[in-house]
Amino acid sequence: MKHCIRCCIPLLPNDLHKHCSKCRGPSHNNKNCHPYKRENKVLLCLDSKQMNLLAVLEVRTHHSEGWSGLFGLKKGKLCSLMFGLLIMMLVMASYILTGAKHGLLLILPTLHYGAFTSGSNLMDSETLCDVKDHYQTYTLNISYAKDYPSIKVIIDTITSNVEFIPRHYPHLEELKKQELHMFSVIPNKFLPNSKSPCWYEEYNGNMTTDPYATNSYALYSKRFRAIFDYLRKVFWSHLYHYKDKHYRLRCLPHFYIIGQPKCGTTDLYDRLRLHPDVRFSAIKEPHWWTRKRFGIIRLRDGFHDRYPVEDYLDLFDLAAHQIHSGLQGDAAKGYSNKMNNIIIGEASASTMWDNNAWIFFYDNSTEGEPPFLIQDFIHAFQPNAKLIVMLRDPVERLYSDYLYFASANKSVEDFHEKVAESLQLFENCLVDYSLRACVYNNTLNNAMPVRLQVGLYVVFLLDWLTVFNKNQMLVLRLEDHASNVKYTMHMVFRFLDLGALNEKQEVLITKSPASNTRRPEDRNLGPMLPLTKEILQDFYQPFNAKLAQVLCDEAFLWKKP
């Protein structure tokens, strides 16, 4: 039986319209009708967690479009079904669009570039299923893969503009004009009976004078104040007294570990300092040649007072005291010509590549290249210096660098985006400037979110080889050092002409655990995206090829067999 939607009374068979005859007639009684308002609302509430923007749905009824009977019931169910499907589609779309950040993608991307090759613990015999399991947390968003063609164009533009042009080496007089004070402090000749470049300098203070009162390292490096406190106590006892004058022994490093950052220089430093004939500066990384002598702590913090060369020399006083004691002891025994075998080292990983300060202190050249580099000054004082370089696959170095320096929101997706942005900036620079100008461009280097330029090893190496001989440089690979510490350390010992070790000393140096390994929170992030790795391999390939050619060693191609 059908009823009138207004009066709720049974309809007659001949009532074919929406309302009964009583509703249309003059005898219609409003009291029999349900209360009705034109703007009556029916609210449907949804889960706010699923759909914040569709929390409330408002449906308005209309007196001329009411539903009646079974037909109305079916139509309501149909609309409810359609509405439910719409909600489901919106929810799925939201997960697909945002799920990549949380590893929640519902559909595995089918478009990607290259194979899954990241991760040192992946073996060549692994199946594709194993590889998928290994990267299941870092499934690549399909949008990144679609970006590859445009990134490939950028890389092709960069590689087409790569040209390794020899630089002009400045004359000594030009260098002296730039650093008059440094050349007035460091002499032209050193003691003939010391392996390290040392000399005696007259000291005009007295026993109450604090020799480190103005040393910038002592003032600003809180971690090393204890060392300077000790040096103050023993300073006077290590002076050489001759004809009512006092002399202090000054020394420069015999060798430098010049780079690169995140390539194992800390581990090499920690092992090498265990050798009985090796001494290092009081501070592991003074960064004097590249930053402190210009008054730079970090470029983003602006400039501070310049650290004079005397502050740098103070860092080697601990070693100088031991060399002085050895020289005096040998002289007392009549061995005035006996060579003192103690060698001093310095290990600032910025020395090889960081010339960012040049633009603030030297006149700009027309080509935008720095007229003077760090190695020009080191060579002017120490033409026989020995240099150690530790390198690593530049792709992995960049990722390690990112993990170490990024402070917040670290993720493999964020790293990918920063790489893409840095490549674009580097390409823009190469359109107008030379490769060297872009590598040493302070503005560009500060703008790039990741330090791509540090991995262009061959650019820096070629510039060092313009002033130093190849036999003065030892270039190592971190991968070789990690797999065979004993072998690489023996290479270093031979290069530095260090004496033989007994078995106990050798075990101490070669068996100790690695230093400065990746932090646990960074290891938990996992490897970079496979696509990011492929992009970086494409970018660094021509530079690695040139490096392997210069060093006559294909291992520096970083291609796995």
Side-chain angles (χ1 to χ4, degrees), residues 117 120 155 158-169 254-265 267-268 271-272 345 347 349 351-353 355 373-376 378-379 382-398 434-436 439-440 452-498 533 536-561:
T117 55
S120 58
I155 294 174
I158 292 173
T159 54
S160 65
N161 285 283
V162 169
E163 189 175 4
F164 302 100
I165 302 175
R167 67 179 290 261
H168 168 71
Y169 177 64
H254 172 72
F255 70 95
Y256 296 84
I257 300 176
I258 62 175
Q260 290 283 65
K262 312 313 296 177
C263 290
T265 55
D267 186 72
L268 179 62
R271 296 181 191 279
L272 195 50
T351 306
M352 183 175 182
W353 64 274
N355 284 276
L373 297 177
I374 303 305
Q375 53 267 37
D376 300 338
I378 295 179
H379 183 267
Q382 300 174 256
N384 299 318
K386 294 195 173 185
L387 311 165
I388 300 176
V389 182
M390 182 80 89
L391 302 179
R392 175 187 190 179
D393 182 346
V395 176
E396 298 297 337
R397 192 221 68 82
L398 185 64
S434 69
L435 175 60
R436 183 179 291 107
V439 167
Y440 295 127
L452 281 174
Q453 80 283 5
V454 177
L456 304 179
Y457 307 138
V458 70
V459 178
F460 307 112
L461 183 65
L462 288 173
D463 284 348
W464 280 83
L465 290 175
T466 60
V467 292
F468 286 97
N469 294 325
K470 197 172 182 179
N471 58 10
Q472 291 178 257
M473 300 187 72
L474 175 64
V475 184
L476 304 170
R477 294 195 329 148
L478 174 60
E479 293 82 0
D480 300 328
H481 179 66
S483 62
N484 194 338
V485 173
K486 185 175 180 179
Y487 175 74
T488 56
M489 293 310 300
H490 279 191
M491 289 182 63
V492 174
F493 296 156
R494 287 196 299 269
F495 176 70
L496 297 176
D497 296 322
L498 290 170
K533 184 170 185 177
L536 288 172
Q537 286 175 335
D538 286 350
F539 169 68
Y540 285 117
Q541 189 277 329
F543 301 97
N544 293 344
K546 183 66 174 179
L547 178 66
Q549 179 186 356
V550 172
L551 297 176
C552 302
D553 189 348
E554 291 189 356
F556 290 94
L557 293 171
W558 281 283
K559 288 186 176 181
K560 293 183 179 180

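All values below come from the heavy atoms of this structure, side chains included, with hydrogens, waters and symmetry mates left out. Note that the coordinates shown come from a computational prediction; the quantities given were computed from them, not determined experimentally.
- Defined by atom type and a distance below 3.5 Å, a donor-acceptor pair is present between the side-chain atoms of Glu479 and Trp558.
- Under the 4.5 Å side-chain criterion, counting only non-hydrogen atoms from C-beta, Leu452 is in contact with Leu536.
- Partner of Gln375 under the side chain to side chain contact (heavy atoms under 4.5 Å, CB included) criterion, out of Leu465, Ile258, Asp463, Leu387: Asp463 alone.
- With contacts defined as side-chain heavy-atom distances shorter than 4.5 Å, the pair Ile388/Leu496 qualifies.
- At least one side-chain heavy atom of Leu272 sits under 4.5 Å from a side-chain heavy atom of Leu498.
- Here the NE2-CG distance, from His481 to Leu476, works out to 8.5 Å after rounding to the nearest 0.5 Å.
- Between Phe556 and Val550 the shortest side-chain heavy-atom distance does not fall below 4.5 Å.
- To the nearest 0.5 angstrom, Phe468 atom CZ is 8.5 Å from Met473 atom CE.
- What you find for Lys470 and Leu551 is that their closest heavy atoms are NZ-CA, 4.1 Å.
- Rounding to the nearest 0.5 Å gives a distance of 8.0 Å between CG of Asp480 and OG1 of Thr488.
- Using modelled atom types, no side-chain atom of Tyr457 and backbone atom of Phe543 make a donor-acceptor pair closer than 3.5 Å.
- Of the inter-residue distances, the one linking Asp497 atom CG with Phe255 atom CZ reads 12.0 Å to the nearest 0.5 angstrom.
- Between Asn161 and Leu435 there is no side-chain heavy-atom pair separated by less than 4.5 Å.
- The nearest pair of heavy atoms linking Ile378 to Thr351 is CD1-CG2, 4.1 Å.
- Distance alone, capped at 3.5 Å, is enough to place a donor-acceptor pair between the Gln472 side chain and the Ala385 backbone.
- Distance alone, capped at 3.5 Å, is enough to place a donor-acceptor pair between the Lys386 side chain and the Phe495 backbone.
- Among all heavy-atom pairs drawn from Gln260 and Val454, the shortest one is NE2-O, 3.0 Å.
- Note: Gln537 CD to Glu396 CD = 8.5 Å, rounded to the nearest 0.5 Å.
- The two residues Trp464 and Met352 make their nearest non-hydrogen contact at NE1-O, 3.0 Å.
- Rounding to the nearest 0.5 angstrom, the gap separating the CG atom in Asn384 from the NE2 atom in His379 is 8.0 Å.
- Between Asn544 and Pro394, the shortest heavy-atom distance links the atoms OD1-CG, 3.6 Å.
- Environment of OH in Tyr487: sparse, with no more than 12 heavy atoms of neighbouring residues, nucleotides or ligands closer than 6.0 Å.
- For Lys486, the NZ atom counts as loosely surrounded, since its 6.0 Å shell holds 12 or fewer non-hydrogen atoms of other residues, nucleotides or ligands.
- Between Arg397 and Cys263, the closest heavy-atom pair is CG-SG, 3.6 Å.
- Put simply, the side chain of Lys262 never gets that close to the backbone of Arg392: no donor and acceptor are under 3.5 Å apart.
- Using a 4.0 Å cut-off between charged nitrogen and carboxylate oxygen, Asp553 and Arg477 do not count as a salt-bridge pair.
- Side chain of Asp376 to backbone of Tyr169: no donor-acceptor contact under 3.5 angstrom is found.
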